[in-house]
Amino acid sequence: MQDTIHDGTMISDADAWRSRDLAVLWHPCTQMREHPHTLPLLPVARGEGPWLIDHDGRRYLDAIASWWTNLFGHAEPRIAAAIARQAVTLEHVLLAGCSHAPAVELAERLLAIAPRQPGRPPLAKVFYADNGSAGVEVALKMAFHWFRNRGDNARTRFIALENGYHGETLGALAVGDIPLYRRVYAPLLAEALFAPSPDAYLCQPGQSPAQRAQQAADGLRALLERHAGEVCALILEPRVQCAGGMRMYDPVYLRLARELCDQYGVFLIADEIASGFGRTGTLFACEQAGIQPDLLCLSKGLTGGALPLAAVLATQSIYDGFLDDSRERAFLHSHSYTGNPLACAAALASLGIFDSDDVLARNARTSQAMAALARPLAAHRHVADVRQAGMIVAFELTPGGRRDATFDPSLRVGLRAYRGALERGVLLRPLGDVLYWMPPYCIDDEALDLLARVTAEVIEEATACA
Ligand SMILES: *Cc1c(COP(=O)(O)O)cnc(C)c1O
């Protein structure tokens with residue numbers, strides 16, 4: 001629809017929303033000065049499957065699943081219906097001292113599907129939070145507090161991986177290693193210890209990803225040897241360091257890290273906030289190494305992408321460490337919306353879709369199609385690496401495809417690709433100069449073809465400046 005403003009120029013509905021938005025909103029993860037000229041703003045009126053539709057009726061393929069949250073498409077009718085039913089039954093009640101069916105049923109379901117490792121007692125208890133960062137805070141505080149409750153006051157530190165990401169709150173940021181998000185807040189952050197990343201992109205010539213994983217595990221062992229008595233937990237993103245540029249690593253690292261955590265008596269926190277719920281091919285990425293963490297953080301895809309919710313799964317032994325006559329030994333952490341019934345109902349509906357639609361089998365076929373479409377792009381002269389883990393494919397752009405170089409940041413290669421893709425009806429949101437596909441699972445062949453064609457075009461266009 002077009003409206004005429006008084007001087008006779010036409011202004012579209014989408015443009016009208018853009019100006020209303022920029023008059024009042026401060027957007028996340030954005031240099032607001034870049035709106036609207038450097039960075040176009042996409043005003044979304046509605047969503048349908050993998051598509052976002054703007055106020056002028058233009059369609060955009062959501063190739064990044066709305067920051068990795070969306071599993072089965074936008075406005076998924078079964079999830080929407082579950083939320084609507086729950087909204088007229090019980091929209092919210094505090095979870096301290098109260099209970100409700102969606103929270104209980106979801107906890108039962110999550111514990112039943114959580115990763116298992118033979119010989120280990122299973123994950124046994126679920127603590128809810130309302131976003132991923134809050135879930136990470138919960139896991140960190142639990143690990144620390146468990147040792148305190150045992151009278152071990154020396155364990156005040158965490159080990160995290162280089163290039164890892166765990167969220168934006170101060171505790172989560174402290175165990176993150178992405179300078180762009182972290183550097184300015186460094187004076188506020190607890191000091192974590194960083195172990196080398198097993199990232200396969202960092203392989204030396206002739207080194208295999210498994211050898212790289214072994215080398216990184218040796219670094220972790222050295223750190224543990226020096227600091228074991230001060231450390232409560234190792235936190236990592238299993239299989240893929242997503243915000244760190246979709247960097248992937250050999251699952252053998254997880255097995256080695258699990259063994260080292262056991263050997264040195266520190267907890268293993270698996271942050272599957274992005275990798276969980278089928279994203280890397282298995283329901284949880286930990287399964288690819290056959291390991292089970294002591295604490296498992298889930299969010300993003302937990303509700304199929306419909307509502308914010310996080311769950312932290314803990315072992316019985318961690319839970320038991322808080323049982324005491326003293327209230328101070330209890331885990332007094334809470335959020336007003338802990339275990340919100342609407343969000344739990346959405347999560348239950350989403351897990352129901354995994355059962356009814358045989359999602360993992362369909363994803364296995366879709367990821368093969370993605371691999372076939374991605375392969376030719378590896379030949380481009382500025383593509384250094386094409387990598388895949390299940391429903392994630394990433395393209396690393398560097399000058400001349402060299403692994404030891406990066407584009408001058410002022411060229412804004414990633415931003416050029418973003419704009420070029422948006423003009424062609426695809427929402428790609430590169431991480432620096434890493435382009436990636438992380439589509440809703442319902443994406444079909446036609447949309448995949450569009451995605452591959454547009455990606456090839458924007459790689460050519462965005463790197464032409466170099
Ligand atoms: C996104 C993300 C988080 C943070 O979740 P939010 O809901 O954005 O706070 C934590 N860990 C990982 C691995 C993530 O990808």
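Counting starts at 1 for both ligands and their atoms, following the listed order. Note that the numbering runs from 1 along the sequence shown for the chain.
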Next item on the list: For Ala274, take its heavy atoms, then give the atoms of ligand 1 lying under 4.0 Å from any of them.
Entry: 15 (O)
Checklist line | Parallel, tilted or perpendicular: rings of His92 and Tyr337 (30°, 60°) | finding: tilted
Notebook entry, point to check: Hey, are Ser367 and Asn363 close enough side-chain-wise for a donor-acceptor pair under 3.5 Å?
Noted result: no
Check: Can a cation-pi geometry be assigned to Arg387 and Tyr201, taking NZ or CZ under 6.0 Å from the six-membered ring centre and within 45° of the ring axis?
Finding: yes
Margin query: Against Ser197, only a single residue in Arg247, Glu162, Gln241 fulfils side chain to side chain donor-acceptor pair (under 3.5 Å); can you say which?
Written below: Gln241
Margin query: Starting from atom 9 (O) of ligand 1, what is the nearest protein heavy atom, named by residue and atom, and what distance separates them?
Written below: Ser133 OG, 2.5 Å
Check: So is Trp67 in contact with ligand 1, going by heavy-atom distances below 4.0 Å?
Finding: no
Item checked: Interfacing atoms of ligand 1 (cut-off 4.0 Å, heavy-atom, Glu237) -> 13 (C)
Notebook entry, point to check: Please state which protein non-hydrogen atom is closest to atom 12 (C) of ligand 1 and give its distance, to 0.1 Å?
Noted result: Asp271 OD2, 3.4 Å
Next item on the list: For ligand 1, find out whether one of its N or O atoms is nearer than 3.5 Å to an N or O atom of Lys300.
Entry: yes
Notebook entry, point to check: Counting only N and O atoms by type, is there a donor-acceptor contact under 3.5 Å from the side chain of Asp177 to the main-chain atoms of Gly164?
Noted result: no
Next item on the list: Just say parallel, tilted or perpendicular for the rings of His145 and Phe322, cut-offs at 30° and 60°.
Entry: perpendicular
Margin query: Can you name the atoms of ligand 1, numbered from 1 with element, that are less than 4.0 Å from a heavy atom of Trp68?
Written below: 15 (O)
Item checked: Glu168 and ligand 1 - part of the residue with a heavy-atom distance under 4.0 Å -> neither
Checklist line | Check: Gln292 side chain, Gln117 main-chain N or O, donor-acceptor pair, under 3.5 Å | finding: yes
Next item on the list: May I ask you to list the atoms of ligand 1 that are less than 4.0 angstrom from any heavy atom of Gly167?
Entry: 4 (C), 10 (C)
Note to self: Any nitrogen or oxygen of Gly132, side chain or backbone, less than 3.5 Å from one on ligand 1?
What the structure shows: yes
Notebook entry, point to check: Taking Gln207 for the side chain and Gln204 for the main chain, is one N or O donor matched with an acceptor at less than 3.5 Å?
Noted result: yes
Item checked: Element-labelled atoms of ligand 1 that are located less than 4.0 Å from some non-hydrogen atom of Asn131 -> 7 (O), 9 (O)
